[in-house]
Amino acid sequence: MSSTEYTELQRTIGQLRQCVGALRARYGDVPAVRRLANDVDRLDIDASELVRPVATPSPRQAEDVVVVPDTPYDPALWQGADDEGVGGYQR
């Protein structure tokens with residue numbers, strides 16, 4: 001987006017903000033006016049992100065990856081543990 005386009009967009013958002021202010025003065029702080037004000041705020045935020053893009057997260061590093069082996073676990077890990085849904089631990 002060129003600086004001229006961004007300036008025009010900011011000017012238009014400012015006009016929208018003034019119109020919503022006039023609506024608030026006429027109708028008070030009703031939900032519809034609050035939603036319009038929120039929409040204008042969102043437009044302003046989105047417009048600024050077009051000029052300054054949000055940083056993208058870096059790809060995962062190899063050290064972040066945890067390899068889980070396909071081999072069975074040691075049965076001693078489960079010694080004395082309850083089997084859910086099978087009636088519990090029985091001696």
Side-chain angles (χ1 to χ4, degrees):
M1 174 182 303
S2 72
S3 63
T4 306
E5 291 171 326
Y6 181 72
T7 303
E8 178 65 20
L9 182 58
Q10 286 298 98
R11 186 185 65 74
T12 305
I13 291 172
Q15 289 175 335
L16 277 171
R17 199 175 300 280
Q18 288 176 346
C19 290
V20 170
L23 289 171
R24 181 170 277 134
R26 181 173 182 179
Y27 295 105
D29 194 31
V30 295
V33 174
R34 285 196 307 265
R35 284 193 303 269
L36 286 170
N38 188 37
D39 291 343
V40 173
D41 290 340
R42 186 71 233 171
L43 283 171
D44 196 19
I45 291 168
D46 290 343
S48 66
E49 286 180 1
L50 287 175
V51 174
R52 178 187 39 82
V54 176
T56 57
S58 62
R60 294 191 68 111
Q61 302 295 324
E63 61 268 7
D64 291 342
V65 177
V66 176
V67 178
V68 179
D70 290 335
T71 57
Y73 289 110
D74 181 9
L77 290 172
W78 310 111
Q79 187 174 9
D82 286 346
D83 289 330
E84 265 185 49
V86 187
Y89 179 71
Q90 298 174 5
R91 295 181 187 242

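Computed over heavy atoms, backbone and side chain alike; hydrogens, waters and symmetry mates excluded.
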- [ ] Not counting sequence neighbours, which residues clear side-chain contact (heavy atoms from CB on, under 4.5 Å) with Asp46? List them please.
- [x] Arg42, Glu49
Task: For Asp70, side-chain contact (heavy atoms from CB on, under 4.5 Å) partners two or more places apart - done: none
TODO: Sequence neighbours left out, what passes salt bridge (charged side-chain N to carboxylate O under 4.0 Å, His left out) with Asp39? Give chain and number order.
DONE: none
Could you pull out every donor-acceptor pair under 3.5 Å between side chains of residues 15-35 and any protein atom, sequence neighbours left out?
residue: Gln15; atom: OE1; partner: Arg11; partner atom: NH1; Å: 3.4
residue: Arg17; atom: NH1; partner: Asp41; partner atom: OD1; Å: 2.7
residue: Arg17; atom: NH2; partner: Asp44; partner atom: OD2; Å: 3.4
residue: Arg34; atom: NH1; partner: Asp29; partner atom: O; Å: 2.8

Task: Rounded distance [0.5 Å steps], OG in Ser3 versus CD in Gln10 - done: 12.0 Å
